[in-house]
2 protein chains.
Amino acid sequence: MKDKITIYDIAKKLNITAATVSRALNNNPKISESTRKKVLAMADEMHYEQNKLALALKSGKSNTVGVVVPFIDRNFFSSIIRGIEEELYPKGYHVIICQSQEDEQKELKNFNALLNAQIDGLMVSVSKNTKNFDHFDHVLKKKVPVIFFDRKVDMKGVSTVTLDDYKAGYEATKHLIVNGAKRIAHLSGDWALDIYQRRMAGYKQALVDHNIDCPEGYVVKGQSDIGAGKKAVKKLMKLDPLPDAIFSASDFAALGAIQQLKEMGMRVPEDVKVVGFSNEPFTKFMEVPITTVDQSPMEMGMMAAKVFLEQVKNTSVPIEKNVVIAPKLKIRKSSL
Amino acid sequence: MKDKITIYDIAKKLNITAATVSRALNNNPKISESTRKKVLAMADEMHYEQNKLALALKSGKSNTVGVVVPFIDRNFFSSIIRGIEEELYPKGYHVIICQSQEDEQKELKNFNALLNAQIDGLMVSVSKNTKNFDHFDHVLKKKVPVIFFDRKVDMKGVSTVTLDDYKAGYEATKHLIVNGAKRIAHLSGDWALDIYQRRMAGYKQALVDHNIDCPEGYVVKGQSDIGAGKKAVKKLMKLDPLPDAIFSASDFAALGAIQQLKEMGMRVPEDVKVVGFSNEPFTKFMEVPITTVDQSPMEMGMMAAKVFLEQVKNTSVPIEKNVVIAPKLKIRKSSL
DNA sequence: TTGTAGGCGTTATCAT
DNA sequence: ATGATAACGCCTACAA
């Protein structure tokens with residue numbers, strides 16, 4: 001038994017030509033019902049399966065999209081990928097996953113490899129260490145649609161699906177104010193990423209709008225991990241006046257902050273209220289569940305996929321669409 | 001500016017033939033150094049990039065592997081995928097991700113779509129609802145190497161990378177015994193998956209080896225989620241004698257169990273010790289961190305990738321390799 | 001060392 | 001309605 005059956009094999013058996021077989025298989029109207037049936041039956045019998053590679057070469061469409069994320073095993077990104085996959089799979093697209101590992105060079109190599117693989121579209125959440133953006137232009141020059149999700153780069157002709165981080169920062173901060181916080185500190189992330197800048201901007205505006213000031217030292221910049229959260233709290237707890245609330249731009253930093261507060265004998269939320277960011281699975285499971293901002297990552301992925309599908313449908317007019325997803329504040333005990 | 005440069009374009013510019021260009025680009029020895037240099041320079045100038053699709057069609061190798069998991073956004077699976085990707089990417093392979101969503105039909109469709117895409121290998125963690133395994137034979141008949149990770153199906157000619165679940169169950173239970181537990185209950189998972197059967201077998205053997213008996217009702221079968229853990233504890237706490245320890249085959253069920261115990265006024269670990277399974281990120285972050293079994297998912301993914309690479313290297317002799325990864329007990333407060 | 005020609009599996013454009 | 005042929009981009013005998 002041959003393991004690769006082609007339309008030629010079918011044609012030979014039926015004493016017809018490959019072109020006819022192709023037509024029968026593709027429901028081309030210009031073919032008689034009888035031969036169509038014969039072809040279909042024979043294809044079935046011989047277990048014929050179409051070689052998409054040949055189709056792709058012929059048509060110039062690979063039905064494959066590339067997705068580049070910093071790391072695939074971060075809940076936020078894997079949820080986005082799930083959304084992309086579930087939206088695109090029914091349309092016949094495959095998803096190739098690459099990791100930039102927050103490295104500009106790896107991101108660049110990923111792009112080139114994906115271009116060589118003839119992807120029909122590229123979805124990216126930009127590495128935070130990427131300073132040079134030539135590789136993005138490069139992709140666009142090849143007429144491959146690019147869609148940014150979450151982390152974007154400002155460029156023409158590129159669609160984006162992002163969270164309204166400003167609003168998220170504003171709402172989180174406002175929530176703390178409404179619940180009685182008077183002195184709200186902020187743990188920010190890497191300013192190379194505009195998401196952190198916007199979260200902070202929202203935070204600051206909420207303070208202004210409610211006539212609360214932001215003393216020197218109340219904004220602490222750091223990594224988005226537990227250690228950074230601990231370190232930040234150590235700094236904050238030397239200030240005068242002491243903060244009575246913390247809005248952290250990351251759940252992990254929020255967790256570190258809570259651990260450090262506990263270690264220093266402060267209670268959450270009684271002494272210090274805390275709000276995190278991302279709705280990481282663990283936030284829900286703590287004894288004091290952490291209030292956090294849900295980014296609807298799966299929906300973000302689905303939106304990115306939908307924007308891509310529109311893009312390839314309207315190939316005539318290269319549209320640029322910017323979808324902004326509303327943050328959802330998950331109110332839990334840590335801020336009440 | 002043309003967006004698709006082929007070796008013909010380069011050849012035309014240089015007044016040579018495409019074959020020569022191809023040779024120059026592929027470091028074929030049968031070519032003069034001078035033309036090689038000219039070709040390389042021109043390829044660079046014209047921003048030539050190889051079309052891997054054409055190469056794949058010609059060579060019959062797509063340099064792509066398919067990975068099918070139940071859900072990509074589960075930490076265990078996304079970590080495995082990370083391992084696979086990081087091992088395979090440097091070797092020039094791409095990874096196409098598909099989700100079976102624990103559905104046999106979706107799994108089958110995934111397989112067919114991947115075969116059509118001409119993958120060079122298939123890595124699968126079988127859906128738990130898959131009863132019919134014809135689609136696996138189908139892949140093998142096409143001479144596409146199949147590698148199972150974590151969840152496997154018994155069949156000839158297929159390599160596997162799995163955890164030693166028996167040992168994991170044994171070690172977890174023994175750990176509880178050594179720490180003073182006398183009456184150890186077990187929360188098992190879906191017995192359609194042999195991993196749960198083996199974890200239970202390890203549990204039972206550990207009890208036997210230490211002369212501890214397992215009263216009626218001490219093994220509770222359920223889903224691997226929080227709700228199932230709660231339900232199980234409600235049942236267990238009606239038994240006489242009451243268990244003083246629980247080994248759960250899932251972290252989520254362990255969490256549910258702990259929540260329910262707390263609700264019923266029992267303390268963990270003072271009244272009931274608990275061990276979970278999977279080393280989910282949240283287990284480490286609880287106020288009472290949960291002892292659990294680490295499955296080294298990233299290493300599992302890397303091993304699967306390595307086995308695949310060996311497989312394609314030794315295409316002459318179809319080898320069947322079974323790698324078993326040792327579980328790592330992460331001892332934390334919940335069991336001490 | 002280089003050119004010629006054929007083929008990988010499809011589909012599309014001509015004819016017939 | 002069907003057949004013949006070319007083309008997608010690349011590689012590789014074989015010939016020169």
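Sequence lines set the chain letters: A, B, ... in the order given, protein chains first and strands last, and positions in each chain run from 1.
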Would you classify [X] as touching base, sugar-phosphate or nothing, given that sugar-phosphate means primed atoms plus P, OP1 and OP2, and contacts are heavy atoms under 4.0 Å?
X      : value
B:T35  : sugar-phosphate
A:Q118 : nothing
B:N28  : nothing
A:S32  : sugar-phosphate
A:I31  : sugar-phosphate
A:I7   : base
B:N116 : nothing
B:L53  : nothing

What is the distance, to the nearest angstrom, from the [atom1] atom on [X] to the [atom2] atom on [N]?
X     : N      : atom1 : atom2 : answer
A:I10 : C:dT10 : CD1   : C1'   : 12 Å
A:K4  : C:dC8  : NZ    : P     : 13 Å
A:N63 : C:dT10 : CG    : C1'   : 14 Å
B:N26 : C:dT2  : CG    : C1'   : 16 Å
A:E49 : C:dC8  : CD    : P     : 19 Å
B:E33 : C:dT2  : CD    : C1'   : 15 Å
B:I16 : C:dT1  : CD1   : C1'   : 11 Å

Using the heavy-atom set of chain B and a strict 4.0 Å cut-off, write down the first and last nucleotide of DNA chain D that makes it in, 5' to 3'.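 So the contact region on DNA chain D extends D:dG9 to D:dA13.
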Using the test salt bridge (Lys or Arg N to Asp or Glu O under 4.0 Å), find all partners of [X] that sit at least two apart in sequence or belong to another chain.
X      : value
B:D120 : B:K61
B:E104 : none
A:K142 : B:E49

If only side-chain N and O atoms of B:T20 are considered, is one of them under 4.0 Å from the OP1 or OP2 phosphate oxygen of C:dG3?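 Yes, B:T20 has a side-chain N/O under 4.0 Å of OP1/OP2 on C:dG3.
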Presence of A:N51 side-chain N/O under 4.0 Å of C:dC8 phosphate oxygens OP1/OP2: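 Indeed not, no polar side-chain atom of A:N51 lies that close.
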Interface polar pairs with nucleotides 13-16 of chain C, N/O, under 3.5 angstrom:
none

Go through A:K156 and A:E320 one step at a time and tell me if the salt bridge (Lys or Arg N to Asp or Glu O under 4.0 Å) criterion holds. CA-CA 8 Å; A:K156 287 274 158 261; A:E320 179 183 331; 5.1 Å; no
With no hydrogens and no angle check, just 3.5 Å: does a side-chain donor-acceptor pair link B:S34 and B:S32?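 The criterion, which ignores hydrogens and geometry beyond distance, is satisfied for B:S32 and B:S34.
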Modelled atom types, side-chain donor and acceptor of A:Q311 and A:K313, under 3.5 Å: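 Not at all, the side chains of A:Q311 and A:K313 share no donor-acceptor pair under 3.5 Å.
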[X]: side chain to side chain contact (heavy atoms under 4.5 Å, CB included) partners, not counting sequence neighbours:
X      : value
B:S22  : B:I7, B:N26
A:L193 : A:K128, A:R151, A:I195, A:Y196
A:T64  : A:S62, A:H94, A:I96, A:I119

Between C:dT2, C:dC8, C:dT11, spot the one nearest the side chain of B:K58, thanks.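 Among C:dT2, C:dC8, C:dT11, the one nearest the side chain of B:K58 is C:dC8.
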Within residues 24-39 of chain B or reaching into it, pairs that qualify as salt bridge (charged side-chain N to carboxylate O under 4.0 Å, His left out) - sequence neighbours excluded: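 Passing the test, one end in residues 24-39 of chain B: B:E33-B:R36.
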Which residues pass the ring pair (Phe, Tyr, Trp, His ring centres under 6.0 Å) test with A:F111, not counting sequence neighbours?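 A:F111 satisfies ring pair (Phe, Tyr, Trp, His ring centres under 6.0 Å) with A:H135, A:F136 only.
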So, using side-chain hydrogen bond (donor to acceptor under 3.5 Å, both in side chains) as the criterion, who are the partners of A:K91 when residues are at least two apart?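 With neighbours one apart ignored, the set is empty.
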Mind running side chain to side chain contact (heavy atoms under 4.5 Å, CB included) on A:D150 and A:Q295 for me, showing each step along the way? CA-CA 9 Å; A:D150 194 48; A:Q295 298 162 287; 4.1 Å; yes
Quick check: on DNA chain D, is the nucleotide nearest A:A18 upstream (toward 5') of the one nearest A:S59, or the reverse? Name the residue that is more 5'.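 Upstream on the strand: A:A18.
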Degree of bending, the helix from C:dT1-D:dA16 to C:dT16-D:dA1 (end axes from five pairs; round to 10°):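 If I round to tens, the end axes sit 50° apart.
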5' precedence on DNA chain C between B:R36 and A:L57 (nearest-nucleotide basis):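 Comparing both residues, the 5'-ward one is B:R36.
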